[in-house]
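Inspection log for the structure reproduced underneath, given as structure tokens.
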Amino acid sequence: MSLVLHNTLTRSKAPFVPLDATNVRLYACGPTVYDRAHIGNARPIIVFDVLFRLLRHLYNAKNVTYVRNITDVDDKINARAAERGISIRDLTEDTASAFRADVDALGVLRPSVEPRATEHIAEMIALIEKLIARGHAYAADGHVLFDVPSMPAYGRLANRTLDEMEAGARVEVAPYKRDAMDFVLWKPSEPDLPGWDSPWGRGRPGWHIECSAMSWKHLGEVFDIHAGGIDLVFPHHENEIAQSCCAFGNDVMANVWLHNGFLQVEGEKMSKSLGNFTTIRDLLNDWQGDVIRLAMLSTHYRQPINWSLKSLQDSEKALAGWFDMAGEGAEPRPAPGVLDALNDDLNTPKMIAEMHAMKGAAGKKSLAGTLDFLGFRAGEFADWRAATAPEPNIPVAEIEALLAQRLDARRTKNWAAADVIREKLSAHGIAIKDSPDGTTWEVMR
């Protein structure tokens, strides 16, 4: 089957048809680098990495461009740097490096392009000038604002009227705004904060214009897919659409909009006040990246996910079984059933069911290729399992002696005696595995 995706803009699933099959273009909102990324941030990173891998498989890697930005100019960044008593540049460099290390550990491919907002100020200013020239923005009191009522289609992505959006939004009240919903494209910057010269004075960009400028620079006026978390639909993505469409006179900014659902921790909203706020690095201190990756994919991306210890334990068990079964040397490509699942709007729960169903010699080869295609790494997983294995509660010499006795029993086809020894080891928490290469053991987790 061909790839089918659910489009937030149309609220329906439809076959994906790229604007140009030799130049498939995907944009996803990346981190604002003021603090370590949390596990809620990890979900879109992992989900849209799977999409990137799938598009590369369907259209050839050289024909797919994935842009995931870094926001390195923002009021939160300014505040955090002041709080820590370090320079803004030091904060953003350190945090961006930490982010890359964290997502690398999750088996995530680097995007084709990773633009930084501060390197695209010229494009932002050019976009704002286009909006002013077309009557969709205005300068006032050192600010430039987008004139929301000038765009009749505003609110189409959020599927809400202007009144509904205004009622549900935290609208900044300012005397220089023509309409309460107008949002900032450019604002004055104090001498001690980052700022750039512009036709409207020294200042810095608003958040929304950054993504419009970076996607335009690297993907063009209209591209195929824009992705992000459901929390970004309004106002961020709605405002991106308004800026880009009005600047260039197009009906759409991206043909398909994908949004992943919220994340809860053990059934509760993640927050520092509840004590369940967890960064990616916190998780990586206890779990190998592939385990986290699989746990994130166990729920369909559009559904809310309940992050739990059990989901991590189940994922570790599944990966251990798959890596034990998988053969070596297979091409990194998905099995047909897995490909069909992913083509159905990235149906990762069905993908996982297909992987559990793989049996026999053919299944070993398909499973190996599928694991590699999906970014799961046998070596890293095995090293982590070995390093974190619990100590046996009986001496290793006794375990080895029992295994030798069991081997003798198997050689003489005394299966009952062999089973008794297996059960005795199991009672001590020791699991054994027979293979053509011999028998191995490990402590049960």
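Because only heavy atoms are used, hydrogens play no part in the values below, and waters and symmetry mates are left out as well, while side chains stay in.
Cation-pi geometry between R445 and W384 is satisfied (NZ or CZ under 6.0 Å from the ring centre, within 45° of the ring normal).
For R25 (side chain) and L19 (main-chain N/O), no donor-acceptor pair under 3.5 Å exists by modelled atom type. Here the side chain of S189 pairs a donor or acceptor atom with the backbone of P194 at under 3.5 angstrom. Between the side chain of D141 and the main chain of H143, no donor-acceptor pair closer than 3.5 Å is present.
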I'd like a table of donor-acceptor pairs (distance under 3.5 Å, sequence neighbours excluded) in which one partner is a side-chain atom from residues 348-361, with atom names and distances.
{"from": "T348", "atom 1": "OG1", "to": "L297", "atom 2": "O", "distance (Å)": "2.6"}
{"from": "H356", "atom 1": "ND1", "to": "W322", "atom 2": "NE1", "distance (Å)": "3.4"}

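For S215, the side-chain contact (heavy atoms from CB on, under 4.5 Å) partners two or more places apart in sequence, or in a different chain, are Y27, F223, M253.
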- Message: Run E190 and R204 through salt bridge (charged side-chain N to carboxylate O under 4.0 Å, His left out) and show every step you take.
- Response: CA-CA 10 Å; E190 296 82 355; R204 61 188 191 272; 3.6 Å; yes

- Task: Go through the steps to decide whether D104 and R100 satisfy the test salt bridge (charged side-chain N to carboxylate O under 4.0 Å, His left out), and finish with yes or no.
- Result: CA-CA 6 Å; D104 284 351; R100 292 190 190 98; over 6 Å; no

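In this structure, H259 and H237 have tilted ring planes: the angle between them lies in the 30° to 60° band.
Counting non-hydrogen atoms of other residues, nucleotides and ligands closer than 6.0 Å to NZ of K187 gives a total above 12. Residue E83 qualifies as enclosed at atom CD: its count of foreign heavy atoms under 6.0 Å is above 12. For R156, the CZ atom is loosely surrounded, since the number of other residues' heavy atoms within 6.0 Å does not exceed 12.
Under the 3.5 Å distance criterion, with hydrogens and angles disregarded, a donor-acceptor pair is assigned to the side chains of T279 and D282.
Sorted by first and then second residue, the pairs that involve residues 33-74 and meet ring pair (Phe, Tyr, Trp, His ring centres under 6.0 Å), not counting sequence neighbours, are H38-F277, F52-Y66, H57-F373.
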